[in-house]
Amino acid sequence: MILHIVGARPQFIKVAAVLAAATMPARHRLIHTGEHYDADMSDVFFQDLGLPAPDVHLGVGGGQHGAVTGAILSRLEALLLERTRGVVVVYGDTNSTLAGALAAAKLGWPIVHVEAGLRSYDRRMPEEINRVVTDHVSQALLCPTRRAVTQLEREGITQGVFNTGDVMLDIARQNATRAVGLTALGQFLSGDRLGPPPAPLDHPALRGGQLASDEGYVLATIHRASNTDDPQRLAALISGLGRLGRPVIWPLHPRTRKAMTDNGITPPRSVICTSPQGYLEFAALLAGCVRCITDSGGVQKEAFFAGRPCVTLRDTTEWPETLHDGWNVLVADDLDALVRAAGAPTPNVLPNIEAYGDGQAARRCIDVMETYLPD
Ligand code: UD1
Ligand code: UDP
């Protein structure tokens, strides 16, 4: 069997892309670690993307990194010990990725890492530690870009490395029409998934159901520890969002909502906070925005795929291809740079999406996974 270990929002999206390409679905099993557990961080992706219900749910909720990683590791080890040896597939760079890779490595199961070889070269990011360790214990390294292959080479990893292309490009392409069909703002404001945001994040524009869409809105997401753990930095970034001269739609990650609530941070009037959106709603919002502001890895790329200029609230990125021709600009926490970049003209050359493959990455990933199955 091929066991796919996932637990966080971006991993549900990646595994959906991969499983859609499986020619023999009976060979695949989905293990949900429980790292993300709210319905709008988990269930909604299963519905939107037609994922089968997980075969096993490990039920590890929130907590500190060590506790979460340790709990996944021990529950997964128990699960693997009960099973006939197969292949473990891990995705991206979360604690579920690291724990899945370690559990398999200790038991000698072959590990396939989807999204291997990415580096921000910033070891202060928990995700960077997860990526490096996972790559160094994996047997098959499925790289989304040529650069990722080269980065692995520099670390001495040359065996089992495949340049598959990026599975997130596959799924973005497959769903582009469905997403745009939602007519972003209409669906967004009337959508039954959008519960009213609790005080103090309520906003008059949402209550009245009115948003001046013809002005053009900015779409924002912020959830990185580097931006949410320091209340002063978070408050400053939010004040920066209020200086853009446009409405900002901001689906709040639970981590960010908690940081705002705990520290009494309220957004300016032009910033409309909502619950996390489903994949299709979010893609529709992205397609309709004039600018995207984010610290997410995946959203930087999706903006690039959709031809929406992006401003990234970080000083490094593991997706440097998006920086070409000014499609993505890194501003860290420099608010003047944020306002400048958000108001800059749209680049006049198309984004070089081919850097992320041809939209057939998932098929190549499946082919590699099958070669690692024992006879
Ligand atoms: C995790 C990943 C990050 C990824 C992000 C995707 C790690 C180290 N971090 O960050 O790489 O970019 O997911 O979104 O694995 N929470 C909820 N409900 C949920 C999920 C989380 O309330 O469904 C709360 C947790 O209790 C915690 C906070 O949000 O207080 C942060 O969650 P955590 O899983 O630690 O990290 P993320 O920021 O979600
Ligand atoms: N996303 C979503 N709803 C939202 C915000 C993001 O569906 O409200 C999707 C987005 O389209 C992308 C993925 O979540 O595919 C990125 O996840 P996130 O930013 O949480 O994690 P990262 O990519 O930074 O690891």
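One-based numbering along the sequence shown. The figures here come from the full heavy-atom set of this structure, side chains too, leaving out hydrogens, waters and symmetry mates.
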Could you check if a side-chain atom of Cys143 sits within less than 4.5 angstrom of a side-chain atom of Val161, using non-hydrogen atoms only?
yes
Minimal non-hydrogen separation, Val368 against Ala140, with atom names
CG1-CB, 4.0 Å
Take Glu281 and Thr274 through the test side chain to side chain contact (heavy atoms under 4.5 Å, CB included) and record every step on the way to the result.
CA-CA 12 Å; Glu281 281 85 354; Thr274 78; over 6 Å; no
Which atom pair, heavy atoms only, marks the closest approach of Pro110 to Gly86?
CD-O, 3.2 Å
Hphob cluster co-occupancy, Leu118 + Val132, side-chain heavy atoms under 4.5 angstrom
no
Minimal heavy-atom distance between Ser275 and Asp40, with the atoms involved, is CB-OD2, 3.8 Å
Ignoring hydrogens and geometry, is there a side-chain-to-backbone donor-acceptor pair from Trp319 to Val299 under 3.5 Å?
no
Testing Asn328, Thr221, Thr294, Asp295 one by one against Gln300 for a side-chain hydrogen bond (donor to acceptor under 3.5 Å, both in side chains), which residue passes?
Asn328
Please examine the side chains of Pro251 and Leu219, heavy atoms only from C-beta on, and report whether any two atoms are closer than 4.5 Å.
yes
For His28 and Asp55 the tightest heavy-atom approach is O-OD2, 4.5 Å
Hey, what's the ring geometry for His57 with His32, parallel, tilted or perpendicular (30° and 60° as the breaks)?
parallel
Is there a donor-acceptor contact under 3.5 Å from the side chain of Asp48 to the main chain of Tyr279?
yes
From the list Val218, Ile238, Ile293, side-chain contact (heavy atoms from CB on, under 4.5 Å) partner of Val248 resolves to Val218
Please work out whether the ring planes of Phe46 and Phe12 are parallel, tilted or perpendicular, with thresholds of 30° and 60°.
tilted
Working to the nearest 0.5 Å, report the span between OG1 of Thr266 and CE of Met260.
7.5 Å
Out of the candidates Arg9, Glu35, His36, Glu127, only one should pair with Thr94 under the side-chain hydrogen bond (donor to acceptor under 3.5 Å, both in side chains) rule; please name it.
Glu35
Within one Ile-Leu-Val-Met-Phe-Trp-Tyr cluster: Ile2 and Ile31, side-chain cutoff 4.5 Å
no
Kindly indicate, with the supporting measurements, whether the criterion salt bridge (charged side-chain N to carboxylate O under 4.0 Å, His left out) is fulfilled by Asp135 and Arg119.
CA-CA 11 Å; Asp135 282 341; Arg119 297 291 181 267; 2.8 Å; yes
Please examine the side chains of Ser226 and Met125, heavy atoms only from C-beta on, and report whether any two atoms are closer than 4.5 Å.
no
Straight-line distance of Ile111 CD1 to Leu141 CG, nearest 0.5 Å:
9.5 Å
Which value, rounded to the nearest 0.5 Å, describes the distance between Leu234 atom CG and Arg255 atom CZ?
11.0 Å
Got a donor-acceptor contact below 3.5 angstrom from the Glu128 side chain to the Tyr121 backbone?
yes
Could you check whether any side-chain N or O of Asp166 sits under 3.5 Å from a backbone N or O of Tyr356, counting only pairs where one atom can act as donor and the other as acceptor?
no
Say you draw a straight line from CG of Asn175 to CD of Glu302; how long is it, rounded to the nearest 0.5 Å?
10.0 Å
Once rounded to the nearest 0.5 Å, what's the spacing between atom OH of Tyr217 and atom CG of Leu285?
4.5 Å
Option passing side-chain hydrogen bond (donor to acceptor under 3.5 Å, both in side chains) with Arg364 (candidates Asp358, Thr164, Asn163):
Asp358
In chain order, what residues pass the salt bridge (Lys or Arg N to Asp or Glu O under 4.0 Å) check against Asp122, with sequence neighbours excluded?
Arg124
Can Arg83 and Leu3 be said to form a side chain to side chain contact (heavy atoms under 4.5 Å, CB included), step by step?
CA-CA 10 Å; Arg83 308 231 165 181; Leu3 305 188; 4.3 Å; yes
Within a reach of under 6.0 Å around CZ of Arg154, are more than 12 heavy atoms found that belong to other residues, nucleotides or ligands?
yes
Joint hydrophobic cluster, Val15 plus Val112, side-chain heavy atoms closer than 4.5 Å:
yes
Is the backbone of Ala362 close enough, under 3.5 Å, to the side chain of Asp170 for a donor and an acceptor to pair up by distance?
yes
Between the side chain of His113 and the main-chain N/O of Gly92, is any donor-acceptor distance below 3.5 Å?
yes
According to a hydrophobic-cluster definition based on side-chain heavy atoms being under 4.5 Å apart (Ile, Leu, Val, Met, Phe, Trp, Tyr only), do Leu58 and Leu81 belong together?
yes
Please lay out, stage by stage, how Met1 and Thr84 fare under the test side chain to side chain contact (heavy atoms under 4.5 Å, CB included).
CA-CA 8 Å; Met1 285 294 165; Thr84 317; over 6 Å; no
Counting only N and O atoms by type, is there a donor-acceptor contact under 3.5 Å from the side chain of Arg308 to the main-chain atoms of Cys289?
yes
Stepwise side chain to side chain donor-acceptor pair (under 3.5 Å) test for Thr256 and Thr228:
CA-CA 6 Å; Thr256 316; Thr228 57; 5.4 Å; no
Non-neighbouring partners of Lys258 that pass salt bridge (Lys or Arg N to Asp or Glu O under 4.0 Å), sequence neighbours left out
Asp262
Acceptor/donor pairs from residues 331-348 side chains to any protein atom, 3.5 angstrom cut, sequence neighbours excluded:
from: Asp334; atom 1: OD1; to: Asp336; atom 2: N; distance (Å): 3.1
from: Asp334; atom 1: OD1; to: Ala337; atom 2: N; distance (Å): 3.0
from: Asp336; atom 1: OD1; to: Arg243; atom 2: NH2; distance (Å): 3.0

Check whether more than 12 heavy atoms from other residues, nucleotides or ligands sit under 6.0 Å from atom CZ of Arg146, and answer yes or no.
no
Could you walk me through whether Glu321 and Arg147 pass the salt bridge (charged side-chain N to carboxylate O under 4.0 Å, His left out) test, one step at a time?
CA-CA 9 Å; Glu321 299 81 6; Arg147 182 187 294 260; 3.5 Å; yes
At their closest point, which heavy atom of Gly359 faces which heavy atom of Leu169, and how far apart are they?
N-CD2, 4.0 Å
Does the pair Glu370/Arg27 count as a salt bridge with the N-to-O cut at 4.0 Å?
yes
Taking salt bridge (charged side-chain N to carboxylate O under 4.0 Å, His left out) as the criterion, tell me which of Glu155, Glu318, Glu115 meets it with Arg131.
Glu318
Measuring from Ser74:OG to Leu79:CG, what's the distance to the nearest 0.5 Å?
11.0 Å
Less than 4.5 Å apart, side chain to side chain, heavy atoms only: is that true for Leu76 and Leu102?
no
Is there a continuous path of hydrophobic side-chain contacts, each under 4.5 Å between heavy atoms, that joins Phe162 to Tyr91?
yes
Before you tell me yes or no, could you show the steps for Ile5 and Gln11 under side chain to side chain contact (heavy atoms under 4.5 Å, CB included), namely the whole-Å CA-CA distance, both residues' side-chain angles and the distance that decides it to 0.1 Å?
CA-CA 9 Å; Ile5 317 296; Gln11 295 170 327; over 6 Å; no
Run Thr97 and Asn130 through side chain to side chain donor-acceptor pair (under 3.5 Å) and show every step you take.
CA-CA 7 Å; Thr97 317; Asn130 294 344; over 6 Å; no
Measure across Ala259 and Ile265 and return the closest heavy-atom pair with its distance rounded to 0.1 Å.
O-CD1, 4.4 Å
